[in-house]
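The next block holds one structure in the form of structure tokens; read it before the comments.
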Amino acid sequence: MKRLKLTPRLQAVADKIAPGAAVADVGTDHGYIPAYLAQSGAARRIIAADVREGPLLRARETAYAYGVADQIDFRLTDGLDGIVRADADTVVLAGLGGETMLAILSNAPWTREDDVTLVLQPQTKLDELSAYLTESSFGLFDAQLVLDDGRLYTVFSAGTAAAEPFDPLVALLRRRDVLLPVYVNEQIVKYQRALDGLSRSASGHEGAAQLREKLRRLEHIKGEIRQWQQ
């Protein structure tokens, strides 16, 4: 049977799943992570869930192609609706927008239990997702940056049992992630453009203070990076 090879982004997600976990991959799309976990025997239970029939059909096709369809529970569901704590101790949300992840998690209070781990790879709105996780008393287990097809992605695992405060930037700095300098520069450019846009808009300086604070923090992180690069 042929082996499934994941992209760097999805491999980083899969690597953050603890051996023997009961996994719910929400927004599974092609179902690559569930199929990979089934092939590797890394999980004791695997749910592939999606809100649309098309992606779930593709996930089934992937599983059949790699001979693991009988090891995966396919569920047509909106987020974590219909999935309960007894089904999974690890929730994977990869390739979704941060605002979508926030909505899914806020509608599933059981994800805040101490024995539940979240493995997250947001496409957008990391700030909003981070604010929700911080306010909901989540801590950080691990974080890393991944370069995949010319784009940087943030992948992290979190849970209310994690002792480290939820702050991916600090975690990336502490582990001296080799991609952090590139990521910080990208973020500085993004926020500076947003600040410039505000200064030209009719709303004037609304939101400018927050953007300036984010830029100050990024410049501080940039200074810390220079120290460990020397």
> Are Val170 and Leu133 joined in one hydrophobic group, where the rule is that I, L, V, M, F, W and Y side chains link up if heavy atoms are under 4.5 Å apart?
Replying inline: no
> Between Gln121 and Thr154, does a side chain to side chain contact (heavy atoms under 4.5 Å, CB included) hold up when you go through it step by step?
Replying inline: CA-CA 6 Å; Gln121 183 272 297; Thr154 307; over 6 Å; no
> Got Ile33 and Leu37 here, is their nearest side-chain heavy-atom distance under 4.5 Å?
Replying inline: yes
>> For a side chain to side chain contact (heavy atoms under 4.5 Å, CB included) check, start with the C-alpha distance between Tyr64 and Thr62, then their side-chain angles and the critical distance, and finish with the verdict.
In response: CA-CA 5 Å; Tyr64 278 112; Thr62 297; over 6 Å; no
> Going from NE2 on His220 to CD1 on Ile225, what distance comes out if it is rounded to the nearest 0.5 angstrom?
Replying inline: 10.5 Å
> What is the minimum heavy-atom distance between Asp177 and Gln144, and which atoms define it?
Replying inline: OD2-CA, 3.5 Å
> Can you list the steps and then say if Phe141 with Glu164 is a side chain to side chain contact (heavy atoms under 4.5 Å, CB included)?
Replying inline: CA-CA 7 Å; Phe141 289 117; Glu164 185 174 340; over 6 Å; no
>> Return the CG to CG distance between Asp149 and Leu152, rounded to the nearest 0.5 Å.
In response: 12.0 Å
> Can you list the steps and then say if Leu93 with Leu118 is a side chain to side chain contact (heavy atoms under 4.5 Å, CB included)?
Replying inline: CA-CA 8 Å; Leu93 296 167; Leu118 309 180; 6.0 Å; no
> Is Ile17 linked to Met101 within one hydrophobic cluster, defined over Ile, Leu, Val, Met, Phe, Trp and Tyr using a side-chain heavy-atom separation of less than 4.5 Å?
Replying inline: no
> Taking side chain as C-beta onward, heavy atoms only, is Gln11 less than 4.5 Å from Asp15?
Replying inline: yes
> Where the side chain of Asp50 meets the backbone of Thr28, is there a donor-acceptor pair that is under 3.5 Å apart?
Replying inline: yes
> Do Val189 and Tyr191 share a hydrophobic cluster (ILVMFWY, side-chain heavy atoms under 4.5 Å, transitive)?
Replying inline: no
>> Using the rule that Ile, Leu, Val, Met, Phe, Trp and Tyr join whenever any side-chain heavy atoms are under 4.5 Å apart, tell me whether Leu126 and Val91 fall into a single cluster.
In response: yes
> Does atom CD of Gln210 have more than 12 heavy-atom neighbours from other groups under 6.0 Å away?
Replying inline: no
> Judged by modelled atom types alone, do Thr160 and Asp114 share a side-chain donor-acceptor pair under 3.5 Å?
Replying inline: yes
>> Less than 4.5 Å apart, side chain to side chain, heavy atoms only: is that true for Asp89 and Arg44?
In response: yes
>> As a quick check of understanding, evaluate salt bridge (charged side-chain N to carboxylate O under 4.0 Å, His left out) for Arg175 and Asp142, giving each step before the final call.
In response: CA-CA 9 Å; Arg175 68 177 286 169; Asp142 189 27; 3.3 Å; yes
> Are Leu102 and Val155 in one and the same hydrophobic cluster, where Ile, Leu, Val, Met, Phe, Trp and Tyr link if side-chain heavy atoms are under 4.5 Å apart?
Replying inline: no
> At their closest point, which heavy atom of Ala88 faces which heavy atom of Val23, and how far apart are they?
Replying inline: CB-C, 4.2 Å
>> Check this for me: Glu53, atom CD, are more than 12 non-hydrogen atoms of other residues, nucleotides or ligands nearer than 6.0 Å?
In response: no
>> Working note: Glu219 + Arg216, criterion salt bridge (charged side-chain N to carboxylate O under 4.0 Å, His left out); need CA distance, chi angles, decisive distance, verdict.
In response: CA-CA 5 Å; Glu219 290 291 353; Arg216 279 194 292 269; over 6 Å; no
>> Rounded to the nearest 0.5 Å, what separates atom CG in Leu120 from atom NZ in Lys16?
In response: 11.0 Å
> Is the shortest heavy-atom distance from the side chain of Arg75 to the side chain of Ile83 under 4.5 Å?
Replying inline: yes
> With side chains defined as the heavy atoms from C-beta onward, is the minimum distance between Arg217 and Leu169 less than 4.5 Å?
Replying inline: yes
> Does a side-chain heavy-atom distance below 4.5 Å link Leu173 with Leu180?
Replying inline: yes
>> Quiz question: by atom type and distance under 3.5 Å, do the side chains of Tyr32 and Asp25 form a donor-acceptor pair?
In response: no
>> Please report the interatomic distance NZ(Lys222) to CG(Leu215), rounded to the nearest 0.5 Å.
In response: 11.0 Å
> How far does CG of Asp78 sit from CD1 of Ile104, to the nearest 0.5 angstrom?
Replying inline: 7.5 Å
> So, does Asn185 use its side chain to make a donor-acceptor pair with the main chain of Pro181 at under 3.5 Å?
Replying inline: yes
> Between Pro34 and Ala48, what is the shortest heavy-atom contact and its length?
Replying inline: CG-CB, 3.9 Å
> Should Asp73 and Arg45 be marked as a salt bridge (charged side-chain N to carboxylate O under 4.0 Å, His left out) after you check the CA-CA gap, both sets of side-chain angles, and the distance that decides it?
Replying inline: CA-CA 8 Å; Asp73 179 2; Arg45 185 182 307 124; over 6 Å; no
>> Within this structure, what is the CG-CG distance for the pair Leu76 and Asp81, rounded to the nearest 0.5 Å?
In response: 11.0 Å
> At their closest point, which heavy atom of Leu80 faces which heavy atom of Thr77, and how far apart are they?
Replying inline: C-OG1, 4.4 Å
> Which pair of heavy atoms, one from Arg151 and one from Gln123, lies closest together, and at what distance?
Replying inline: NH2-O, 3.1 Å
> ring pair (Phe, Tyr, Trp, His ring centres under 6.0 Å) with Phe156: which residues, sequence neighbours excluded?
Replying inline: Phe166
>> If the condition is side-chain contact (heavy atoms from CB on, under 4.5 Å), which residues does Asp148 pass it with, not counting sequence neighbours?
In response: Thr7, Pro8, Arg9, Tyr153
> Are His30 and Arg58 close enough that some pair of their side-chain heavy atoms sits under 4.5 Å apart?
Replying inline: yes
> How would you list all residue pairs meeting side chain to side chain donor-acceptor pair (under 3.5 Å) that involve residues 102-112, not counting sequence neighbours?
Replying inline: Arg112-Tyr132
> For the residue pair Leu147 and Leu179, what are the closest heavy atoms and their distance?
Replying inline: N-CD1, 3.7 Å
> With distance as the sole test, does Thr100 use its side chain to make a donor-acceptor pair with the main-chain N or O of Leu96 at under 3.5 Å?
Replying inline: no
> Does the side chain of Asp127 come within less than 4.5 Å of Lys214's, by heavy atoms?
Replying inline: yes
